[in-house]
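In the text below, chain A, chain B and the rest are named by the order of the sequence lines, each starting its count at 1.
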Amino acid sequence: MSRRDLVIIGAGPAGMAAAAQAADLGLSVTVLDEQPHAGGQIYRDVDRIAPIRGGILGPDFTHGTTLTAAMRHDAIVHLTGAVVWAIEDQFRISYTRGGRGAQIEADRILLATGALERPMPLPGWTLPGVMTAGAGQILLKQSGILARNAVLVGSGPLLYLIAAQMVRAGTPPVAMVETQSRGDVMRAAPHMGGALRGWRYLAKGLKMLAEITRARVPRYTDATGIAIEGDGKAEAVRFTSKGRSHRIACDTVFLHHGVVPNTQAARSLEVSHRWDAAQHCFVPLADEWGQTDKDGLFIAGDGAGIGGAKAAECAGKLAALEVAHQAGRLPLAERDRFAAAPRAKLESELAARPFLDAAYPPCAEALLPDDKTLICRCEEVTAGDIRGYAKLGCIGPNQTKAFGRAGMGPCQGRYCGLSVTVLLADATGQTADETGYYRIRPPIKPVTLGELAAMDDNTLDAAE
Amino acid sequence: MKTVSPFLELEDAPRVEVSFDGRTLSLPTGANLAASMLAAGIDVFRNTPVSGAPRAPFCMMGACFECLVDIDGITRQACMVEVTEGMLITPPHSAEVRHEPS
Ligand SMILES: Cc1cc2nc3c(=O)[nH]c(=O)nc-3n(C[C@H](O)[C@H](O)[C@H](O)COP(=O)(O)OP(=O)(O)OC[C@H]3O[C@@H](n4cnc5c(N)ncnc54)[C@H](O)[C@@H]3O)c2cc1C
Ligand code: FES
């Protein structure tokens, strides 16, 4: 089994920037990502896609080619299509690639596993034809596939970005059903100072809104009572906006109310997490270099707290500098000198966040859905079931497993975990921190017996 | 009757035949399997083991497991697989991967 100075999980902006920085400082680096090409979520498959659809996706997308270029470095091995399913003792990483299990060892690890869409349980959200807005964007980016009759539901800058990309591609959404209200924008006003430092983002946001308006996409704000209707598949979105009820027919519904850190790998390593009230999610505890409370284990990018792609790039570089320092390849003074520029950039990138978080809060009725709404898609557990468990004395997500199967399906709680925490906290009066989250045990991605059987013999010996 | 897909494909690419649940589909070779099945008009990929409710891809990024199908007998996430000629795809019949309490 090979041993590397640094193994990075995730080839998005955080992972790619960290790999290039670490390799430049002489470290041996392996990057594992389950996607077939480098780029992560924002720059998905950017080398192939930029020349074909760069115009639709915009310069923020094509910027990714600078990161993929820097990854082509003699000291970097990028294993594409490598699904990481276990990370153990300082550090042995198990992954599947091309139908075979394999392992690799590392002195230090950087988790750069990015974000997931925030779960958005609304009545009808499990119907075929309902997808995350990110999924809609992935269809466009990766496959050049567009929904002909889509309604976008939710809030946040990414919702506008995707709408604008659909407009540019020639299939504007049928409507935008937006859950944020004027009051939210007013409440966000005190954070404007920071936003002015992040003015570039706001200018971009206004430009996207102008594109959407020019394409005459109807926008309904302050939407409540949202339900997706259909017999066996999505057929319409029903909601109330400004005192009037609406029903908009469609084939596809794209849901979005923000992204949250994908903490699955960090949780499986028992990294401590805390509740971030502004972003309504758990974030792993890490210092200014991304070092967690586990020795040699680093986290950078959206997986450490939502900051966006440019912030992820800076955080990846900073983590790589500290890794190089700990590995004895970079004296302290050098580390700090190299860190000055990415640290300043990171701060200015993060300046607009408090404004964005306040202006586009998560959709309230999807945080605390009505009793009949499914929370756990895999095992079909409803919000009412979770409230029922709380009445019977269930105080934390792990105990829900004693009452029912919430979080025990194949997605391992990725799309119900935060809902369960929030529902239980609401029912018991405890804080989200007191309530906690599911305990995550490996495998964090399913692995088949065939893949295990095909594991190299010498790898297995070493694992025993 | 040809199914009209709710999805539009911007580009054309050389196609190969695969089979889904007894139907022959002609999909772009090397394309993302879940995406090209959607574009081919497949709106239900599987039914849940709990209530039999119909499901189709939700996240397209390997996180939700709604796109599970059996490919040549092995349960896979269609959104993480590329199209190759002759794939034999069925809704997942095998017991789906479940994470037991520990
Ligand atoms: C669907 C989606 C679309 C988005 N689109 C945009 C956009 O257009 N513009 C924008 O500004 N922001 C977008 N975002 C927000 C985005 O998360 C960040 O801006 C940015 O991509 C974060 O970079 P990162 O390096 O932290 O992680 P990511 O770019 O998310 O990269 C993480 C990588 O880790 C890999 N990974 C995760 N778990 C494993 C595992 N167990 N084994 C192997 N590999 C693994 C993933 O395949 C992924 O490639 C999007 C988010 C999502 C979820
Ligand atoms: S669509 Fe979510 S895992 Fe494939």
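- In this structure, the portions of B:A63 lying under 4.5 Å from any heavy atom of chain A include both its backbone and its side chain.
- When side chains are defined from C-beta on, A:E380 counts as touching B:T48, because their heavy atoms get closer than 4.5 Å.
- Only the side chain of A:I56 has a heavy atom closer than 4.5 Å to any heavy atom of chain B.
- Taking OG1 of A:T126 as the reference point, atom CZ of B:R55 lies at 4.5 Å (rounded to 0.5 Å).
- For the pair B:L10/A:I52, no side-chain contact is recorded, criterion being any heavy-atom separation below 4.5 Å from C-beta on.
- B:C64 approaches A:C411 most closely through the heavy-atom pair O-CB, 3.7 Å.
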Evaluation steps, side chain to side chain contact (heavy atoms under 4.5 Å, CB included), between A:L139 and B:M60: CA-CA 8 Å; A:L139 286 173; B:M60 289 300 295; 3.7 Å; yes
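- Within the 4.5 angstrom heavy-atom criterion, atoms from both the backbone and the side chain of A:E34 approach chain B.
- Contact detail for A:R148 and B:F7: the closest heavy-atom pair is NH2-O, 3.3 Å.
- Atom CG of residue B:N32 and atom CZ of residue A:R44 lie 7.5 Å apart, to the nearest 0.5 angstrom.
- Comparing A:L116, A:L146, A:D251 by how many heavy-atom pairs each has under 4.5 Å with chain B, the most go to A:L146.
- Note on B:A39, B:A31, B:P57: by heavy-atom pairs under 4.5 Å with chain A, the leading option is B:P57.
- Summarising the local packing, CZ of B:R76 is surrounded by 12 or fewer heavy atoms from other residues, nucleotides or ligands at distances under 6.0 Å.
- Contacts between B:M61 and chain A at a heavy-atom distance below 4.5 Å involve backbone atoms as well as side-chain atoms.
- Heavy atoms closer than 4.5 Å to chain B are found nowhere in A:L449, neither backbone nor side chain.
- Using a 4.5 Å heavy-atom cutoff, the side chains of A:K233 and B:P54 are not in contact.
- Heavy atoms of A:I138 lying under 4.5 Å from chain B belong exclusively to its side chain.
- Looking at A:I145, the atoms closer than 4.5 Å to chain B (heavy atoms on both sides) sit in the backbone and in the side chain alike.
- Considering every non-hydrogen atom in both B:C59 and A:Y415, the closest pair reads CB-OH, 3.4 Å.
- Closest approach of B:F65 and A:R414 over heavy atoms only: CE1-NH1, 4.2 Å.
- The shortest side-chain heavy-atom distance between A:P128 and B:F45 does not fall under the 4.5 Å cut-off.
- With a threshold of 4.5 angstrom between heavy atoms, A:Q264 does not approach chain B through any atom at all.
- Within 6.0 Å of the CD atom in A:E270, the count of heavy atoms belonging to other residues, nucleotides or ligands does not exceed 12.
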